[in-house]
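Note that the coordinates shown come from a computational prediction; the quantities given were computed from them, not determined experimentally.
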Amino acid sequence: MNPTSSPLPLVEHLDRGPLTKHEMAARVARDIPHGSYVNLGIGQPTLVADHLPEGAGVVLHTENGMLNMGPAAQDGQIDPDLINAGKIPVTELPGAAYFHHADSFAMMRGGHLDICVLGAFQVSSTGDLANWHTGAPDAIPAVGGAMDLAIGANRVFVMMTLFTKQGVPKLVPECTYPLTGVGCVDRVYTDFATFQVGPGGATVLETFGIPYDDLAQRLEVALSRPAGT
């Protein structure tokens with residue numbers, strides 16, 4: 001089943017939350033279908049690799065040229081030549097393959113990835129993504145492969161905290177930072193809630209430690225519940 005096409009009834013987990021980074025990563029991993037080809041963006045999304053169950057059949061791709069990447073390497077497993085795009089030491093699974101990064105980008109641009117999981121500075125309720133630059137004069141832009149992934153992957157999941165350290169929402173009516181892609185995001189996984197976004201706006205699928213009504217008051221975007229809820 002395509003997890004972005006048939007929303008389930010809204011679930012409010014009032015006894016748990018906000019989620020930790022690893023709990024968010026586990027939540028994302030749960031929605032990745034068996035056998036998918038997936039790219040995990042730099043930062044929090046790399047944690048998803050540690051929460052894919054054995055036998056999931058998920059093939060992880062990195063833009064620096066590797067297929068069938070495994071979880072992060074632990075002490076005694078570290079090979080300095082075996083890293084992901086974020087320069088984090090990783091492991092390899094049986095059948096892992098290596099290739100030039102130009103071929104890796106061709107896979108991304110050619111629509112061969114089922115899902116990519118990216119971090120973000122902002123996501124709009126209609127699925128616009130801003131994750132490479134805050135626009136601040138002293139900020140260092142970091143495009144990487146995000147633009148290729150946002151447009152090339154069949155589905156885009158974003159994993160991020162819902163609020164900045166200053167309490168400003170990162171799910172917004174319209175992005176104010178430079179865009180990475182327009183209308184490319186399907187789902188947003190945060191510490192307080194999981195959202196489906198797109199042309200119809202933002203739908204809340206789950207909340208963690210906060211009721212739907214309280215969440216709606218803290219955000220400037222118009223929220224909706226799944227159909228039939």
Side-chain angles (χ1 to χ4, degrees), residues 1-8 11 19-74 76-79 81-120 129 144-146 148-160 184-190 194-198 205-206:
M1 183 182 72
N2 182 337
T4 66
S5 61
S6 302
L8 297 173
V11 178
L19 301 184
T20 66
K21 293 178 181 179
H22 276 281
E23 288 172 332
M24 290 164 59
R27 180 65 190 84
V28 175
R30 196 178 84 193
D31 277 355
I32 297 177
H34 179 88
S36 296
Y37 284 77
V38 179
N39 183 287
L40 303 177
I42 294 172
Q44 290 186 15
T46 61
L47 297 177
V48 173
D50 300 334
H51 295 276
L52 292 168
E54 186 175 353
V58 174
V59 178
L60 295 180
H61 162 280
T62 70
E63 55 263 46
N64 59 323
M66 181 180 181
L67 271 181
N68 222 19
M69 178 184 75
Q74 304 300 319
Q77 298 177 311
I78 295 177
D79 179 343
D81 293 324
L82 192 59
I83 59 175
N84 63 18
K87 298 182 174 59
I88 297 173
V90 295
T91 56
E92 58 182 2
L93 298 179
Y98 307 92
F99 34 84
H100 195 281
H101 74 274
D103 296 317
S104 184
F105 271 74
M107 295 178 190
M108 295 153 57
R109 295 168 180 170
H112 302 291
L113 295 178
D114 296 303
I115 295 171
C116 71
V117 185
L118 299 173
L129 171 66
D148 300 273
L149 289 165
I151 301 303
N154 294 326
R155 283 182 284 160
V156 177
F157 293 170
V158 164
M159 176 181 166
M160 66 180 189
C184 57
V185 179
D186 298 286
R187 278 202 178 178
V188 181
Y189 296 82
T190 77
T194 301
F195 305 86
Q196 183 165 304
V197 296
L205 305 180
E206 290 178 286

Passing candidate, side-chain contact (heavy atoms from CB on, under 4.5 Å) with M66, options H61, H101, E92: E92

So do the side chains of L52 and L60 get within less than 4.5 Å of each other, counting heavy atoms only? yes

Closest non-hydrogen atom pair, G119 against P45: N-CG, 3.6 Å

Heavy atoms, side chains only, cut-off 4.5 Å: are V48 and I32 in contact? yes

L82 versus V90: any side-chain heavy-atom pair under 4.5 Å? yes

Between CG on residue D31 and OG1 on residue T194, distance to nearest 0.5 Å: 7.5 Å

If I take atom CE from residue M108 and atom CG from residue L113, how far apart are they, to the nearest 0.5 angstrom? 7.0 Å

Measure across T46 and G43 and return the closest heavy-atom pair with its distance rounded to 0.1 Å. OG1-O, 2.7 Å

For the atom pair NZ (K21) and CE (M159), what is the distance rounded to the nearest 0.5 Å? 8.5 Å

Nearest heavy-atom approach of S104 to F99 is CB-CE1, 3.7 Å

Counting N and O atoms only, with roles assigned by atom type, does the side chain of N64 sit under 3.5 Å from a partner on the main chain of I83, one being a donor and the other an acceptor? yes

Smallest separation among heavy atoms of D50 and A72, with atom names: OD1-N, 3.1 Å

Say whether, by atom type as modelled, one donor and one acceptor occur between the side chain of N68 and the main chain of V59 under 3.5 angstrom. no

Whether the side chain of T91 engages the backbone of P71 through a donor-acceptor N/O pair (distance < 3.5 Å, no angle test) should be reported. yes

Looking at side-chain heavy atoms only, is the closest gap between L149 and E63 below 4.5 Å? yes

If you measure from CG on N84 to CE on M69, what distance do you get to the nearest 0.5 Å? 5.5 Å

Say you draw a straight line from CG of L47 to OG1 of T20; how long is it, rounded to the nearest 0.5 Å? 9.0 Å

State whether the number of non-hydrogen atoms from other residues, nucleotides or ligands found under 6.0 Å of Y37 atom OH is greater than 12. no

Could you grab the distance from atom CD1 of I42 to atom OG1 of T62, nearest 0.5 Å is fine? 10.0 Å

Nearest heavy atoms of M160 and M24, plus distance in Å: O-CE, 3.2 Å

Between R187 and V185 the two heavy atoms that sit nearest each other are O-CG1, 3.5 Å

